[in-house]
Number of protein chains: 2
Amino acid sequence: MIDRASGLPAYRQVAGALREKINTGEYNPGDKLPSERILVETYGVSRITIREAVGLLRSEGLVSSEHGKGVFIRPPHRVERLSRSRLSRAARAENKGAFLGDAEANKFTPSVSVKITFEPADTDTATTLGIDEGVEVTVRERVMRANGLPVQLATSRLPREITRDTLIEQVDTGKGGSYARLEEAGYPLDHFVETVSTRMPTPEEASMLQLDNGTPIFAVRRIAYSAEGRAVEMNDMRLSGDKYELAYEFPAG
Amino acid sequence: MIDRASGLPAYRQVAGALREKINTGEYNPGDKLPSERILVETYGVSRITIREAVGLLRSEGLVSSEHGKGVFIRPPHRVERLSRSRLSRAARAENKGAFLGDAEANKFTPSVSVKITFEPADTDTATTLGIDEGVEVTVRERVMRANGLPVQLATSRLPREITRDTLIEQVDTGKGGSYARLEEAGYPLDHFVETVSTRMPTPEEASMLQLDNGTPIFAVRRIAYSAEGRAVEMNDMRLSGDKYELAYEFPAG
DNA sequence: AAGTGGTCTAGACCACTAC
DNA sequence: TAGTGGTCTAGACCACTTT
């Protein structure tokens, strides 16, 4: 099976052969690959070479290994589509926040843990919120779970000046969530800006979101602007890349 | 340096030590890591173990190897921000298409190669464009380069019925690009919907976009809707994840 | 107990880059 | 020529899962 004279390294040839069998459907999602010892005999290469081939497929997100059980073909993405129109005032009024709205739209059981702290603004925060460095900021760190599985990390930062004496400083922000409280506090919202980037997770992110190898994450920063044009909240979100798809609609005019 | 009794594998301890030195600034972007042979002596482990540690950092996108030269700390993302308001009619009128608009905004020298074919619609295309399977579709495949470097792959599909006798079937679509031609042909655009997902690239995508290890890609599908609500174009884009950031603005109301 | 993937060793040769 | 990363081997022991 392996052409030693082709110039292509053996492990890439093995990876290519396995990839082919996955793509053509000879192996299907959930199937187990032959064990490493068997692949050694099949392709006539050493075990390390087989492991390198499998490692390549893993880093492509095609397979994932389970210690003591085997290597399995990963199922296609299970995707929750996050449509940004759900942030409309009307949609917000109906529930306790964006994540719970997603839960209703996508039919999963949501749970959220929240940690609230107060910190001086670092450079990035100060620049983004248009305040001075060191000014006190309310920080809401949340872990969102769908059916018990962590799928999203989010950290919101707001100038404390505008959250004092509101439910935003409490774990439960009440019906409509933080955005509703902001509007009541005299900061009617005008628009949001989201910037989306993607990268591989840090080891901490990978463990918190229970990500397989070869799974990138979305890093989304949402900034909420009040009617006066002030940035009143920044929300840094980390989404598991294999569970989410983001949808945006915008006019042509 | 390595604690054999900690239970944590040696290669993870080495990776952790190197990651620490990168994060604390002991190694800076562009710096070369000590050679593998030197790390072998430093940490008292075999070369394979060192290579496993470096491989982990590579898969995290922290470093990249150059054969014969060394392993280098990757510079932070060089980011082009793609703001979707650039698709407004006014912005489009000024240039030949979205990519050339980006070029102007981000000051790089753009080049585009285009391949045009006509194909029967597959299931996905038919569903998305609301036509029957097998109906002829105009396919524009493009490779966009910034300063000679491929940064984006894009494939547009439109029902041929509406592109016949327009510049959309030509390599050069003229001032304002395909969208301007669509509007002239009697399909004024109303809005776009973009869905964004992220994943690791296939080997082909990685080689076309010249991606380092540990670099995910954006897969963006943009659908253009005419004033009558018809999907007139679908555009599947592949963007290098370490070069792009996507920005979307939407109202709170 | 048997099978699986995970870790690790010592050593070899190759391909690429620099001087 | 010397140094670098890339590939590969044969073999060992460990940790986890299943039977």
Side-chain angles (χ1 to χ4, degrees), chain A residues 1-18 27 30-59 62-74 203 206-207 210 212-214, chain B residues 1-18 27 30-74 203 206-207 210 212-214:
Chain A
M1 295 289 275
I2 298 302
D3 177 3
R4 293 289 177 173
S6 78
L8 200 61
Y11 79 95
R12 286 188 181 276
Q13 294 186 45
V14 174
L18 293 173
Y27 298 144
D31 284 1
K32 195 166 74 124
L33 284 188
S35 80
E36 295 179 350
R37 272 86 170 173
I38 291 184
L39 290 174
V40 164
E41 293 175 18
T42 307
Y43 293 102
V45 297
S46 75
R47 183 163 167 232
I48 286 199
T49 301
I50 292 296
R51 283 186 60 77
E52 225 161 335
V54 172
L56 190 56
L57 299 182
R58 224 174 19 193
S59 78
L62 282 179
V63 302
S64 76
S65 315
E66 298 181 35
H67 195 169
K69 291 163 74 172
V71 178
F72 299 85
I73 316 295
R74 286 181 62 179
S207 104
Q210 301 181 328
D212 280 331
N213 268 325
Chain B
M1 295 290 276
I2 297 302
D3 177 3
R4 293 287 178 174
S6 77
L8 199 62
Y11 80 94
R12 285 187 183 277
Q13 294 187 45
V14 173
L18 294 173
Y27 297 144
D31 284 0
K32 194 166 74 124
L33 284 188
S35 80
E36 294 179 350
R37 272 85 171 175
I38 291 183
L39 290 174
V40 163
E41 293 175 19
T42 306
Y43 293 102
V45 296
S46 76
R47 185 164 166 230
I48 286 199
T49 302
I50 292 297
R51 282 186 60 76
E52 226 161 335
V54 173
L56 189 56
L57 299 181
R58 223 174 20 190
S59 79
E60 291 170 8
L62 283 179
V63 303
S64 78
S65 315
E66 298 181 35
H67 196 171
K69 291 163 73 173
V71 178
F72 299 86
I73 316 294
R74 284 181 63 178
S207 104
Q210 302 181 330
D212 279 330
N213 267 327

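Chain letters run A, B, ... following the sequence lines, proteins first and then strands; every chain starts at 1.
- Look at CZ on R51(A): it is 18 Å from P on dG11(D), rounded to the nearest Å.
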**Q.** Step-by-step side-chain contact (heavy atoms from CB on, under 4.5 Å) determination, L18(A) to Y27(A)
**A.** CA-CA 9 Å; L18(A) 293 173; Y27(A) 298 144; 4.2 Å; yes

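- Taking OG of S64(B) as the start and CG of N213(B) as the end, the distance is 9.0 Å to the nearest 0.5 Å.
- When the side-chain nitrogen and oxygen atoms of S46(A) are compared with OP1 and OP2 of dC8(D), none of them lie within a distance under 4.0 Å.
- With I73(B) as the fixed residue, the side chain to side chain contact (heavy atoms under 4.5 Å, CB included) test singles out one of L62(B), L33(B), L57(B): L33(B).
- Summarising the geometry, the separation between CD on E41(B) and P on dA10(C) is reported as 13 Å, rounded to the nearest angstrom.
- Distance from the side chain of E36(B) is smallest for dG5(D) among the nucleotides dG5(C), dG5(D), dT9(C).
- Checking dA10(C), dG6(D), dT4(C) against the side-chain heavy atoms of I48(B) singles out dA10(C) as nearest.
- In this model, the phosphate group of dG5(C) is not approached by any side-chain N or O of S65(A) to a distance below 4.0 Å at OP1 or OP2.
- Summarising the geometry, atom CD belonging to E52(B) is positioned 6.5 Å from atom OG1 belonging to T49(B); distances are rounded to the nearest 0.5 Å.
- Within the 3.5 Å criterion, the main-chain N or O of D3(A) finds a donor-acceptor partner in the side chain of Q13(A).
- Residue T49(A) places at least one side-chain N or O closer than 4.0 Å to OP1 or OP2 of dT9(D).
- Atom pair I50(A):CD1 and dT9(D):C1' shows a separation of 13 Å (rounding to whole Å applied).
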All N/O pairs under 3.5 Å across the protein-nucleotides 12-16 of chain D interface:
{"from": "dA12(D)", "atom 1": "N6", "to": "R47(A)", "atom 2": "NH1", "distance (Å)": "3.4"}
{"from": "dA15(D)", "atom 1": "N3", "to": "H67(A)", "atom 2": "NE2", "distance (Å)": "2.8"}

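- Regarding E52(B), its CD atom lies at a distance of 16 Å from the P atom of dG5(C), rounded to whole Å.
- Taking atom OH of residue Y43(A) and atom P of nucleotide dT7(D), one finds them 18 Å apart after rounding to whole Å.
- For the pair E36(B) (side chain) and I50(B) (backbone), a donor-acceptor distance under 3.5 Å is absent.
- Rounded to whole Å, the distance from NZ on K32(A) to P on dG3(C) is 11 Å.
- A distance of 5.0 Å separates CG of L8(A) from OG of S6(A), quoted to the nearest 0.5 Å.
- Here dG6(D) presents its P atom at 10 Å from CZ of R12(A), a figure rounded to the nearest Å.
- Look at CG on L8(A): it is 14 Å from P on dA15(C), rounded to the nearest Å.
- Across all strands shown, V45(A) has heavy atoms under 4.0 Å from sugar-phosphate atoms exclusively, and none from any base.
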